[in-house]
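What follows is a single structure, written as structure tokens, with notes after it.
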Amino acid sequence: EREINNEKLAIAQEEYDIMKKRSELTDNDAATNDALAAASANLYNTKREYYEKERELVSQLQAAGQELSAAEKKRLEDAKKNAEKAEEIKKEELKKAEEIKERAELSLLSNKDRELKILEKKYNEEKALLEKYEKEFYEKNVDIVKLKPKYTEKEKQKIEELKKKLRGG
């Protein structure tokens, strides 16, 4: 479409140029002036159509680009989701393998050692959970945990006066 549009514009421009040269070489009679005006009007209309078509083609290209971008984004998001699912499945499999290994190790131990291992594991889990909760509490209540003294204006002035006296001023 762009080539056809370019060709139409070139033809209209050439027709106008020919009519303009004819009018320069001959006497300006009404027929020549009318032909020149018609060629000028035709060139104007062709240019208008050309630019409208160019705008339309550019908007079509942009729309196509946006469609491709949207499709590419969706493909990337799907790939990311699939990778996350695969990672989650991998973690679950590793956890199951670790549990099987722990059970096998426990089955080899005596009853007292087995009980000790189970209690030690529970202790470590509880300790980790407690540390997690303490950290969350600290992050939520950092203003309370780190108490900062708040002074009134009078108290601030007195502190400044005392500082000046201590400096010797």
The criterion is side-chain contact (heavy atoms from CB on, under 4.5 Å); which residues satisfy it with K101, sequence neighbours excluded?
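Result, side-chain contact (heavy atoms from CB on, under 4.5 Å) vs K101: E98, E105.
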Rounded to the nearest 0.5 Å, what's the gap from [atom1] on [X] to [atom2] on [Y]? Could you check?
X    : Y    : atom1 : atom2 : result
L116 : Y123 : CG    : OH    : 14.0 Å
L119 : E126 : CG    : CD    : 11.5 Å
K73  : E77  : NZ    : CD    : 8.0 Å
E84  : E87  : CD    : CD    : 9.5 Å
E92  : K90  : CD    : NZ    : 13.5 Å
E102 : I100 : CD    : CD1   : 11.0 Å

May I ask you to say whether [X] pairs ionically with [Y], meaning some side-chain N is under 4.0 Å from a carboxylate O?
X    : Y    : result
R48  : E52  : yes
K91  : E88  : no
K112 : E115 : no

Carefully, step by step, assess N45 and E49 under the rule side-chain hydrogen bond (donor to acceptor under 3.5 Å, both in side chains).
CA-CA 6 Å; N45 287 332; E49 289 173 9; over 6 Å; no
[X] atom [atom1]: more than 12 heavy-atom contacts under 6.0 Å:
X   : atom1 : result
E14 : CD    : no
E99 : CD    : yes
L94 : CG    : yes
R22 : CZ    : no

Mind listing the closest non-hydrogen atom pair of [X] and [Y] along with its distance?
X   : Y   : value
T46 : K8  : CG2-O, 3.6 Å
L36 : S23 : CD2-OG, 3.7 Å
A39 : E15 : CB-O, 4.3 Å
E54 : N5  : N-ND2, 4.2 Å

Residues two or more places apart in sequence or in another chain: which of them pass salt bridge (Lys or Arg N to Asp or Glu O under 4.0 Å) with D78?
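Applying salt bridge (Lys or Arg N to Asp or Glu O under 4.0 Å) to D78 gives K74.
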Tell me, do E125 and K121 make a side-chain contact under 4.5 Å, heavy atoms counted?
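They are in side-chain contact.
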The test is salt bridge (Lys or Arg N to Asp or Glu O under 4.0 Å); show your working for K53 and E56 and say whether it passes.
CA-CA 5 Å; K53 194 64 172 174; E56 182 182 323; 3.5 Å; yes
Run the side chain to side chain contact (heavy atoms under 4.5 Å, CB included) test on Q60 and L57 for me, step by step, so that the C-alpha distance in whole Å, both residues' side-chain angles and the decisive distance to 0.1 Å come before the verdict.
CA-CA 5 Å; Q60 287 175 356; L57 289 173; 3.7 Å; yes
Picking from K156, K163, Q157, what satisfies side-chain contact (heavy atoms from CB on, under 4.5 Å) with I159?
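Of all the options given, the one that passes is K163.
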